[in-house]
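First up is the structure itself, then whatever we jot down about it.
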Number of protein chains: 2
Amino acid sequence: MTPKLTESQEDYLKKIFLLSEKHDNPVSALDISEHLKVKPASVTNMLKKLSELNLVDYKPYYGARLTRAGELVALEVLRHHRLLELYLSEILGFGWEEVHEEAEKLEHVISERLEAKIAEKLGHPTHDPHGDPIPSADLELPDDSHRYPLTRLKVGQKGFISRVTTQDTDSLNMLSRLNLTLKAQLEIIGQERNGVRVEVEQDRFLLPLELASKIWVETH
Amino acid sequence: MTPKLTESQEDYLKKIFLLSEKHDNPVSALDISEHLKVKPASVTNMLKKLSELNLVDYKPYYGARLTRAGELVALEVLRHHRLLELYLSEILGFGWEEVHEEAEKLEHVISERLEAKIAEKLGHPTHDPHGDPIPSADLELPDDSHRYPLTRLKVGQKGFISRVTTQDTDSLNMLSRLNLTLKAQLEIIGQERNGVRVEVEQDRFLLPLELASKIWVETH
DNA sequence: GCTATAAATTAGATAAGACTAAATAAAACC
DNA sequence: GGTTTTATTTAGTCTTATCTAATTTATAGC
Ligand SMILES: [Mn+2]
Ligand SMILES: [Mn+2]
Ligand SMILES: [Mn+2]
Ligand SMILES: [Mn+2]
């Protein structure tokens, strides 16, 4: 029933899942191509194969959608990835900007037994070091509907950073230096054409939209 | 200079290193073939490739010997492997019979940074859960000349188990059940044609030669 | 030293996953 | 609606690492 997928196949499925979260259209080959850093021809190739395995719905010039089976694979890999990120961060003292790359490789090779041990050690956590939700052991995602990107908040609202949706090492490092890390308290000072003006601790920043849209906040 | 080796290449180099430890002859293709569970033709193929990379000395019908460069790769992988085994065992509560398989895959994907974190967490250990020596960060093997297989000891000698040279899950599990684990105190009661007779705690066993030869002891 | 057996190599096939270049389909533009 | 641009697919090549089958070389027995 599960003839063991390759690393590549797992990465495609995971990426399709992540790209699907942004809209409900099928994911385009070009989109996958860019995010996976392979050429579009390679994507078409792989989509055909995954389609034959009934892991994606694919028709030429249509794009790709995960089947339920494909979604379950994606969630499993995502669980590995995010548990590993948290483990590296919490237990081994990695910075949040370092964990993604390492987890990207480890996610494919850890056994279910190791996954379980890690989850146990971490107390069955629901979110990783970037605030990304960790699928539970039975592959359900926790409810995250109460978090919003900075760009959607109104002036005067206060809250704390609850998620950062970039994996870029240098961006994450930059945010650390600005004390824009998880749980940091902040207030919206202004929503402007060129960014979001915020107050954090003693500091004030004008965060470019590009960056602000990746910082999610829980208000209180 | 180091164009990143594949998992396969690393496994071949590691296996050649381990097989070389048993004698000083070049390692035969058949030997590699059996231990790596690939066909001899595949071995020949790979040896040619590794030879071109100057990682092994290879001439047709001669066998393979690691070059210094190849040996360093092998030691690096071995360090990963054994550190991981110990980590899984000590920190995550895996049994000594479970760790080998897991480490076999992880050894190829951990970064030098993760290797260092693990070594640090473990206090820069010199031996893994089977008593196998762990190469140091600069790839030196600790001196292990004071340990001998059970089959070489004389009647009356006492000591403790210091190394077990099998990775077979079921054999290791069996040994656990018999309390024949690292540090177990024992005394040689007899050296016989069909095995070594030992006393461990309250128990006495006649260990078949096949098994006894894999149990190494430090005497006192 | 010849012969039988065992070991190793060669040759050719296959599968996975990437690529380039060319062809085709869809979308956007006016 | 025809034309240009963009996206996608097809066709064919490459690399890595396997395999099987056939051949060659080495070793062991007598
Ligand atoms: Mn990955
Ligand atoms: Mn994350
Ligand atoms: Mn391995
Ligand atoms: Mn070991």
Side-chain angles (χ1 to χ4, degrees), chain A residues 2-16 19-20 22-23 25-66 70 73-74 77 104-105 107-109, chain B residues 2-16 19-20 22-23 25-66 70 73-74 77 104-105 107-109:
Chain A
T2 317
K4 239 167 226 164
L5 302 177
T6 66
E7 255 182 66
S8 233
Q9 292 172 331
E10 289 185 348
D11 277 338
Y12 273 90
L13 292 172
K14 188 181 62 169
K15 194 56 80 180
I16 294 168
L19 292 171
S20 293
K22 299 183 180 166
H23 49 67
N25 311 320
V27 181
S28 77
L30 188 62
D31 215 4
I32 299 172
S33 160
E34 281 164 353
H35 282 87
L36 238 37
K37 286 170 189 154
V38 296
K39 299 293 178 237
S42 306
V43 174
T44 299
N45 237 37
M46 182 59 93
L47 290 182
K48 281 183 188 168
K49 174 145 293 169
L50 293 174
S51 177
E52 267 168 34
L53 294 171
N54 287 307
L55 296 169
V56 306
D57 284 331
Y58 166 76
K59 276 167 292 192
Y61 299 101
Y62 155 87
R65 242 184 234 285
L66 293 182
V73 173
V77 178
E104 197 59 50
K105 295 181 294 176
E107 64 188 0
H108 308 287
V109 301
Chain B
T2 317
K4 238 169 227 167
L5 301 177
T6 65
E7 266 184 46
S8 233
Q9 291 171 332
E10 289 185 349
D11 278 337
Y12 273 91
L13 293 171
K14 189 182 59 167
K15 193 57 79 178
I16 294 167
L19 291 171
S20 293
K22 300 184 180 167
H23 50 68
N25 310 320
V27 181
S28 75
L30 189 61
D31 215 3
I32 299 171
S33 160
E34 282 163 356
H35 283 86
L36 238 37
K37 286 169 189 156
V38 295
K39 299 293 177 236
S42 306
V43 174
T44 299
N45 236 41
M46 181 59 93
L47 290 181
K48 281 184 189 169
K49 174 146 292 166
L50 293 174
S51 178
E52 268 168 34
L53 294 171
N54 287 307
L55 296 169
V56 306
D57 284 331
Y58 166 76
K59 275 168 291 192
Y61 300 99
Y62 155 86
R65 244 183 233 285
L66 293 182
V73 173
V77 179
E104 196 58 51
K105 295 182 294 178
E107 64 188 1
H108 308 288
V109 301

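None of the values given here were measured: they were computed from a predicted structure. In what follows, every chain begins at residue 1, and chains take the letters A, B, ... in the order their sequences are listed.
At least one side-chain heavy atom of A:Leu53 sits under 4.5 Å from a side-chain heavy atom of A:Gln9. Using a 4.5 Å heavy-atom threshold, the side chains of B:His108 and B:Asp11 count as touching. Contact annotation: the side chain of A:Leu55 approaches that of A:Leu5 to within less than 4.5 Å [non-hydrogen atoms, C-beta and beyond]. With a 4.5 Å cut-off on side-chain heavy atoms, B:Val56 and B:Ile16 count as touching. Taking 4.5 Å as the limit, every side-chain heavy atom of A:Val73 sits out of range of all side-chain heavy atoms of A:Leu66.
Applying the side chain to side chain donor-acceptor pair (under 3.5 Å) test to residues at least two apart or on different chains, the pairs with a partner in residues 50-66 of chain A are A:Tyr62-A:Arg65.
Nucleotides of DNA chain D that come within less than 4.0 Å of any heavy atom of chain B span, from the 5' end to the 3' end, D:dT16 to D:dA26.
As a whole-Å value, the separation of B:Ile32 CD1 from C:dA7 P is 14 Å. Residue A:Tyr12 contributes atom OH, which lies 11 Å from atom C1' of C:dA16 at whole-angstrom precision. One can place CD of A:Glu7 at 12 Å from C1' of C:dG17, the figure rounded to the nearest angstrom.
Scanning for side chain to side chain contact (heavy atoms under 4.5 Å, CB included) contacts around A:Lys37 gives an empty result, with sequence neighbours left out. Residues that satisfy the salt bridge (charged side-chain N to carboxylate O under 4.0 Å, His left out) test with B:Glu10, not counting sequence neighbours, are absent from this structure. With sequence neighbours left out, the side chain to side chain contact (heavy atoms under 4.5 Å, CB included) criterion links A:Ala29 to A:Val43.
Shown here for A:Leu30 and A:Pro40, the closest heavy-atom pair between the two residues is CD1-CG, 4.2 Å.
If you check every strand for non-hydrogen atoms under 4.0 Å, A:Ser8 touches sugar and phosphate atoms only. Within 4.0 Å (heavy atoms only), B:Tyr62 reaches no atom of the nucleic acid at all.
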What's touching nucleotides 21-28 of chain C from the protein side, N or O pairs under 3.5 Å?
residue	atom	partner	partner atom	Å
C:dA25	O4'	A:Tyr61	OH	3.4

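For B:Tyr58 and C:dT9, the shortest distance from a side-chain N or O to OP1 or OP2 is below 4.0 Å.
For DNA chain C, the neighbouring residues in residues 43-50 of chain B, judged by any heavy atom under 4.0 Å, are B:Thr44, B:Lys48.
Formation of a donor-acceptor pair under 3.5 Å by the A:Lys105 side chain with backbone atoms of B:Val109 is found in this model.
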